[in-house]
Amino acid sequence: MKHLKDARNLLEQGDSGAAMEIIENLLALSPRNMEALRMKSFILDSWGRFDESLAILHSLGKMASEDEPFEDLDRRMEEERESLIYSRLTPEGRWYFQFSPLQMLVSLFGLMGCFLFLITSPTYFDSPGSSLGLALSFVTLVLLPWIVLLSLNFKGVKKILVGLAGIHVFYGVKKISYTWEQMGSVVIEYDTNLNTDYLRMIVYSKSTREALLNFDISRGNSVIRARRHFVRLVLSYIDTVSYVPRGKATDFDRSNNKTNTAA
């Protein structure tokens, strides 16, 4: 029989599917094995099963002794609290906002560039034939960062409203809206290779069974920062939820189309 060491080695290699099989077998024999439960919680969270993962962490927190604080649970709860900074509750519903590290970096560079230009520009006026240098300095330090920032503002999702009526996705220059009556099911697609940061939430039409929305909710590239809260809220409005490995969502599309054709 394989042991936790084998499961740990598989996780280090990124093979969460095989690791989960070993963990489930171990938990069938020893349901209170804390290390196995911790690893299971980690895998489920990577697969987008956020609530199941959190429930295991809560049970582990109760099992831990008072002088042994459960760091994983503390870290998750702190992340949950911080993520709410990036959403806002209004009478229309809850707004979720894009968090782009690249956009913040370009904004910071643009701010520093403006400051540097103001400091260095007087030196160009003191020397003859400095107009070219002044123009290059202005373009590099001031104009270029803000052009990049404007282009980033027109790319991808900017904010998402999840309200009583449905989901409204705001892009740079357009908005897409779907009511809850139009949405029939959700598929969370994950990659069993944990070395690949891949996790998507796909919302399907109730009538046509086609994909309406496809959100990146991966750890490093999530369309919005408060991803766990966002997923939990969307799933509270939709009853049918499936969790499938990467590539299986295409099979889900095909089966839905066959069902729709037969109907």
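Keep in mind it's a predicted model, so treat the numbers as computed, not measured. If you read the sequence from its start, that first residue is 1, and numbering goes on from there.
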- Please round to the nearest 0.5 Å and tell me the distance separating atom CD1 of Ile56 and atom CG of Leu44. 5.0 Å
- Message: Do Ile160 and His168 have side chains that approach each other closer than 4.5 Å (heavy atoms only, starting at C-beta)?
- Response: no
- Message: Can a donor-acceptor pair be found, under 3.5 Å and without considering hydrogens, that links the side chain of Asn195 to the backbone of Gln13?
- Response: yes
- Query: So, Tyr96 versus His229: side-chain donor-acceptor pair below 3.5 Å or not?
  - Reply: yes
- Item | Expected output: side-chain Asp6 to main-chain His3 donor-acceptor under 3.5 Å | yes
- Query: Quick one: does Ile217's side chain get under 4.5 Å of Val231's, heavy atoms only?
  - Reply: yes
- Step-by-step side-chain contact (heavy atoms from CB on, under 4.5 Å) determination, Tyr204 to Leu212: CA-CA 5 Å; Tyr204 287 88; Leu212 300 177; over 6 Å; no
- Task: Over all heavy atoms of both residues, which pair between Glu181 and Ala165 is shortest? Give the atoms and the distance, please.
- Result: OE1-O, 4.4 Å
- Is any side-chain heavy atom of Asn221 closer than 4.5 Å to a side-chain heavy atom of Asp197? yes
- Indicate the atoms forming the closest heavy-atom contact of Arg209 with Lys206, along with that distance. NE-O, 3.5 Å
- Message: I want to check something: taking the side chain as every heavy atom from C-beta on, are Leu57 and Leu37 in contact at a cut-off of under 4.5 Å?
- Response: no
- Query: Is it true that a side-chain atom of Ser16 and a backbone atom of Thr192 form a donor plus acceptor pair closer than 3.5 Å?
  - Reply: yes
- Task: Give, for atom CG of Leu235 and atom CZ of Phe230, the distance between the pair rounded to the nearest 0.5 Å.
- Result: 9.5 Å
- Task: Could you tell me how the ring of Phe97 sits relative to the ring of Trp95: parallel (under 30°), tilted (30 to 60°) or perpendicular (over 60°)?
- Result: parallel
- Message: I'd like to know if Lys40 and Glu24 make a salt bridge, using a cut-off of under 4.0 Å between side-chain N and carboxylate O.
- Response: yes
- Query: Backbone N or O of Arg225 within a donor-acceptor pair of the Ser222 side chain at under 3.5 Å?
  - Reply: no
- Query: So how far is it from Met39 CE to Met34 CE, rounded to the nearest 0.5 Å?
  - Reply: 14.0 Å
- Close side-chain approach of Ile176 and Tyr171, heavy atoms under 4.5 Å: yes
- Output the distance between atom CG (Leu4) and atom CG (Asn9), rounded to the nearest 0.5 Å. 11.0 Å
- So Met20 and Trp47, side-chain contact (heavy atoms from CB on, under 4.5 Å) or not? Walk me through it. CA-CA 11 Å; Met20 181 63 94; Trp47 290 358; 4.0 Å; yes
- Item | Glu92 and Leu161, any side-chain heavy atoms less than 4.5 Å apart | yes
- Message: Run the salt bridge (charged side-chain N to carboxylate O under 4.0 Å, His left out) test against Glu21 and tell me which residues pass, sequence neighbours left out.
- Response: none
- Candidate pair Met201 and Phe215, rule side-chain contact (heavy atoms from CB on, under 4.5 Å), full reasoning: CA-CA 5 Å; Met201 181 172 69; Phe215 297 112; 3.8 Å; yes
- Message: Between Ile22 and Leu10, is there a side-chain heavy-atom distance shorter than 4.5 Å?
- Response: yes
- Query: Say you draw a straight line from OG of Ser46 to CD1 of Ile43; how long is it, rounded to the nearest 0.5 Å?
  - Reply: 7.5 Å
- Decide whether a cation-pi geometry holds between Arg246 and Tyr198; the criteria are a distance under 6.0 Å from NZ or CZ to the six-membered ring centre and an angle within 45° of the ring axis. yes
- Can you tell me how far the CE atom of Met183 sits from the OG atom of Ser205, to the nearest 0.5 Å? 10.0 Å
- Message: Which heavy atom of Ile167 sits nearest to which heavy atom of Val169, and what is that distance?
- Response: CG2-CG2, 3.9 Å
- Decide side-chain hydrogen bond (donor to acceptor under 3.5 Å, both in side chains) for Ser53 and Ser41; before the verdict, give the C-alpha distance in whole Å, the side-chain angles of both, and the deciding distance to 0.1 Å. CA-CA 4 Å; Ser53 171; Ser41 173; 2.8 Å; yes
- Message: Using side-chain contact (heavy atoms from CB on, under 4.5 Å), reason through Val162 and Trp180 one step at a time and then give a plain yes or no.
- Response: CA-CA 10 Å; Val162 181; Trp180 297 117; 3.7 Å; yes
- Within-4.5 Å side-chain heavy-atom neighbours: Asn33 and Ile23: no
- Item | Basic-acidic side-chain contact under 4.0 Å: Asp51, Arg228 | no
- Item | Over 12 foreign heavy atoms within 6.0 Å of CG, Leu164 | no
- Residues that Ser218 engages under side-chain hydrogen bond (donor to acceptor under 3.5 Å, both in side chains), provided they are two or more places apart: Asp216
- Between Arg49 and Tyr243, is NZ or CZ placed under 6.0 angstrom from the six-membered ring centre and within 45° of the ring axis? yes
